[in-house]
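Structure first, then comments.
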Amino acid sequence: MNATSDYLARLDAALREVPHGIASEIRAGIAEELASLEPDAVRVRIAQLGDPERIAREAMDAVMPARTDPVPPPVVARPPLTRTRGFAIAAAIALGVGGLVVPFAGWLAGAAMVMMSAMWRTGEKLVALLLPFAAAALMALASAVSAWLDGGGEQAGTVVVNPLLPAAYDFMHAGFLLIPFVVVPVSGFWLLWRLRGRSTD
Amino acid sequence: MTVDVGAQMRKGVVEYCVLGLLSREPMYGWQLADALTGRGLIASIGTLYPLLGRLRDNGWVTTFDQPSESGPARRYYRLTADGIAQLTLFRAQWDPFARTVSGLVGEKGPR
């Protein structure tokens with residue numbers, strides 16, 4: 001094997017990782033140069049060309065500068081989970097219907113998530129969380145007033161009560177069932193509605 | 001920390017230096033490599049061909065094969081009309097640019 005073919009073989013091996021178009025141009029350029037020289041001049045030229053591995057490395061660096069000068073991708077700071085819309089939506093859903101899946105504990109978990117979320121103002125959170133209690137208190141008051149009125153009527157003997165018909169406070173007692181099935185889901189839905197137009201800061 | 005200022009400057013101008021060389025006469029690969037490495041503008045012939053590829057992709061240079069007296073045909077590179085126009089643009093901007101930079105950085109070290 002003469003000096004030219006030996007050098008070209010080493011060059012071919014070194015250029016394996018270099019993109020084909022560039023590698024073949026380098027190879028052709030060097031081959032044509034070496035083929036034009038006398039044997040003594042070939043050895044001088046090979047010395048000038050240098051190590052094929054270095055030529056390949058520099059070709060790779062020229063083709064892909066980032067390979068040796070990596071620029072780290074910009075780091076986009078991810079917002080904390082509690083500042084995301086996804087967390088807020090999950091919190092509102094848990095608050096609204098969590099109690100139907102796991103009685104009370106589901107609502108409690110939803111309430112905790114709502115309090116942790118940064119997507120609502122404190123006043124909004126308190127409204128949503130206290131709404132069921134306010135509704136319950138209102139119904140209890142209405143029930144008490146109704147019972148007092150019914151009792152007062154009987155004592156006065158002016159109202160004849162049909163025992164087969166439900167009294168007003170019966171409706172009030174049934175109204176308590178509305179809290180988990182209507183009032184609490186409404187509070188969750190209201191929180192979802194308040195989320196509109198808000199984005200993670 | 002210091003950076004290789006020369007490497008950054010070479011990256012910005014070496015393509016125009018090739019256009020400048022080719023504006024004098026068509027040249028083949030080794031000729032260009034020898035001229036550029038001799039002036040410290042590229043590290044080796046490995047850097048040259050990716051550079052020539054970019055110039056060809058831009059339409060600034062083109063190639064032709066020419067038989068040589070002492071071996072196989074050689075591939076020569078020459079400027080296209082777009083390459084000449086691009087070099088003209090560069091020449092028009094280089095002197096004012098170099099003067100501006102010299103004016104800003106000065107010729108002496110900080111006092």
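Quick note on labels: first sequence line is chain A, next is B, and so on, each numbered from 1.
Close approach to chain A, defined as a heavy atom under 4.5 Å from one of its heavy atoms, is seen in Tyr28(B), Gly29(B), Trp30(B) of residues 19-40 of chain B, taken by number.
Counting heavy atoms of neighbouring residues, nucleotides and ligands inside a 6.0 Å radius, atom CZ of Phe64(B) exceeds 12 of them. Applying the 6.0 Å contact sphere to CZ of Phe189(A) captures no more than 12 heavy atoms from other residues, nucleotides or ligands. Dense packing is recorded around CD of Gln66(B), with more than 12 heavy atoms of other residues, nucleotides or ligands lying under 6.0 Å away.
Between Ala59(A) and Pro50(B) the shortest heavy-atom distance is O-CG, 3.9 Å. Residue Ser36(A) comes nearest to Arg74(B) through the heavy atom pair OG-NH2, 2.5 Å, listed as atom of the first residue, atom of the second, then distance.
Side-chain contact annotation: Ser44(B) with Arg54(A), donor-acceptor N/O pair under 3.5 Å absent.
Here the CG-CD1 distance, from Leu11(A) to Ile45(B), works out to 9.0 Å after rounding to the nearest 0.5 Å.
Glu32(A) places a side-chain N or O within donor-acceptor distance of the main-chain N or O of Arg75(B), the cut-off being under 3.5 Å.
Evaluated for a side chain to side chain contact (heavy atoms under 4.5 Å, CB included) with Tyr49(B), the options Val63(A), Val18(A), Ile26(A) yield exactly one hit, Ile26(A).
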